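Here is the structure we will look at, set down as structure tokens.
Naming: A, B, ... by sequence-line order, numbering from 1 per chain. This structure is a prediction, so every number in the text was calculated from the model and none was measured.
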Protein chains: 2
Amino acid sequence: MTQDSPWLSAAQQQAWRHWIALGTSLPAALNRALQESGLSLSDYDVLVALSEADDRRLRVGDLAARLAWERSRLSHHLRRMEGRGLVAREECTDDGRGAWSVVTAAGLAAIRTAAPAHARLVRELVFDDLTTAELAVLTDVLAGVRRRVES
Amino acid sequence: MTQDSPWLSAAQQQAWRHWIALGTSLPAALNRALQESGLSLSDYDVLVALSEADDRRLRVGDLAARLAWERSRLSHHLRRMEGRGLVAREECTDDGRGAWSVVTAAGLAAIRTAAPAHARLVRELVFDDLTTAELAVLTDVLAGVRRRVES
DNA sequence: CCAACTTAGGTGACACGTCAACTATTCCGC
DNA sequence: GCGGAATAGTTGACGTGTCACCTAAGTTGG
């Protein structure tokens, strides 16, 4: 259990197994619930990011950074969402290489329909039973991990 | 911010965005590192579960439960791992419907090679900077969420 | 000013995960 | 014991994510 050993302590392992298991089961549960609105969890995240942005549009790269997605994943996903009329791409006049991703009226409508039930489920599953102190610790821990992972 | 509104509070949203982003970026980082050993993170999780089991074998359903995977996902994954010689399936004499999943010698060798660097990376990214108290809170929170999600 | 480099984004092939449907076996009530 | 329900596991089709590679446009040093 020394710091030099590569192994996880028993307590760390316990936390890690929950983390790994949730990495599968929580997205699966949210996806199942979102299916009713015809959206996937990925669709939802894209639509939230775009609908919050100025003028409801973001450069593709900025959107990728905000979601912490790889560019190619986002590119594929935008193509599929474009096919379903949820988003559109527009060319960028400032920078000929770039492109804007824009949420359409249909995309806005879809997310407004889906959002309340989704938010409620997230609260039920994750947040409602947490104390303020627990939430603060959780946020700090996640922020720290994220900083290390994304560097 | 009332409990009746479906929306997440600002503090909850902050935690939630980190959670969502990590759900993508942490597995991606671990996968990238594991690639050197020719294993994916999913392979790794399967091999850990099997190599810890009695006689290095588990019923397919028990393995699925332990990993919190859907059965069909595991079935597909075992087929692919079997093709690479990491695991084998054996028929179950007790219950003619069932099947055992077993780690092969090659599978054991692969995970023994991969484990130290993987464990070290998990510790670096997730655990090394946590206090004992933070770890305890994290474990409780994850355990609670998991219980609610998997019911 | 132009060749080398960098950056924005897209594409194709392939591995992965999910859902619905399927086969084979066991369990259970009558 | 036998017919229907439940259980263990697999399969195929399809949407998704990743890697490696590609094109096009901007950037920079000589």
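Per the geometry, CE belonging to Met81(A) stands 11 Å off P belonging to dG17(D), to the nearest Å. The CD-P distance, from Glu90(A) to dG9(C), rounds to 14 Å in whole Å. Rounded to whole Å, the distance from CZ on Arg80(B) to C1' on dT10(D) is 13 Å. Taking atom CG of residue Leu41(B) and atom P of nucleotide dC16(C), one finds them 12 Å apart after rounding to whole Å. At whole-Å resolution of the value, CG in Leu63(A) and P in dG9(C) are 10 Å apart. For His77(B) and dA15(C), the NE2 to C1' distance is 10 Å, given to the nearest whole Å. For the pair Asn31(A) CG and dC16(C) P, the interatomic distance rounds to 19 Å; values are reported in whole Å. Nucleotide dC19(C) holds its C1' atom 8 Å from the CD atom of Gln35(A), rounded to whole Å.
Aromatic ring orientation, His77(A) versus Trp69(A): perpendicular (interplanar angle above 60°, classes split at 30° and 60°).
Comparing Asp62(B) and Arg32(B) along DNA chain D, the residue whose closest nucleotide (by nearest heavy atom) sits nearer the 5' end is Asp62(B). Nearer to the 5' terminus of DNA chain C, by closest-nucleotide assignment, is the contact made by Trp100(A) (compared with the other of Ser40(B) and Trp100(A)).
At the heavy-atom level, Arg84(B) lies nowhere under 4.0 Å from the strands shown. Heavy atoms of Ser42(A) sit under 4.0 angstrom from primed sugar atoms or phosphate atoms, though from no base atom.
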Inset, instruction - Report the C-alpha separation of Asp43(B) and Ser40(B) in whole Å, then their side-chain angles, then the decisive distance to 0.1 Å, and conclude whether the side-chain hydrogen bond (donor to acceptor under 3.5 Å, both in side chains) test is met. - result: CA-CA 5 Å; Asp43(B) 297 336; Ser40(B) 69; 3.1 Å; yes
Inset, instruction - Go through Phe127(A) and Leu130(A) one step at a time and tell me if the side-chain contact (heavy atoms from CB on, under 4.5 Å) criterion holds. - result: CA-CA 5 Å; Phe127(A) 292 110; Leu130(A) 264 52; 4.2 Å; yes
For nucleotides 24-28 of chain D, list the nitrogen or oxygen atoms of the protein found under 3.5 Å from its nitrogen or oxygen atoms, one pair per line.
{"from": "dG26(D)", "atom 1": "OP1", "to": "Gly96(A)", "atom 2": "N", "distance (Å)": "2.8"}

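A donor-acceptor contact closer than 3.5 angstrom is absent between the side chains of Arg73(B) and His76(B).
Partner Leu86(A) forms a side-chain contact (heavy atoms from CB on, under 4.5 Å) with one of Val103(A), Leu39(A), Val46(A) and no other, that one being Leu39(A).
The OG atom of Ser51(B) lies 9.5 Å from the CG atom of Leu58(B); values are rounded to the nearest 0.5 Å.
Contacts between residues 68-76 of chain B and DNA chain C, defined by a heavy-atom separation below 4.0 Å, involve Glu70(B), Ser72(B), Arg73(B), His76(B), listed by number.
Atom CZ of Arg59(A) has more than 12 heavy atoms from other residues, nucleotides or ligands within 6.0 Å.
A close approach under 4.0 Å does not occur between any side-chain nitrogen or oxygen of Arg79(A) and OP1 or OP2 of dG10(C).
Distances were taken from every side-chain heavy atom of Arg59(A) (C-beta onward) to each of dA8(C), dC19(D), dG9(D); the shortest belongs to dA8(C).
In this structure, Gln12(B) contributes its side chain and Ser9(B) its backbone to a donor-acceptor pair below 3.5 Å.
Considering only residues two or more places apart in sequence or on other chains, Arg66(A) meets the side-chain hydrogen bond (donor to acceptor under 3.5 Å, both in side chains) condition with none of them.
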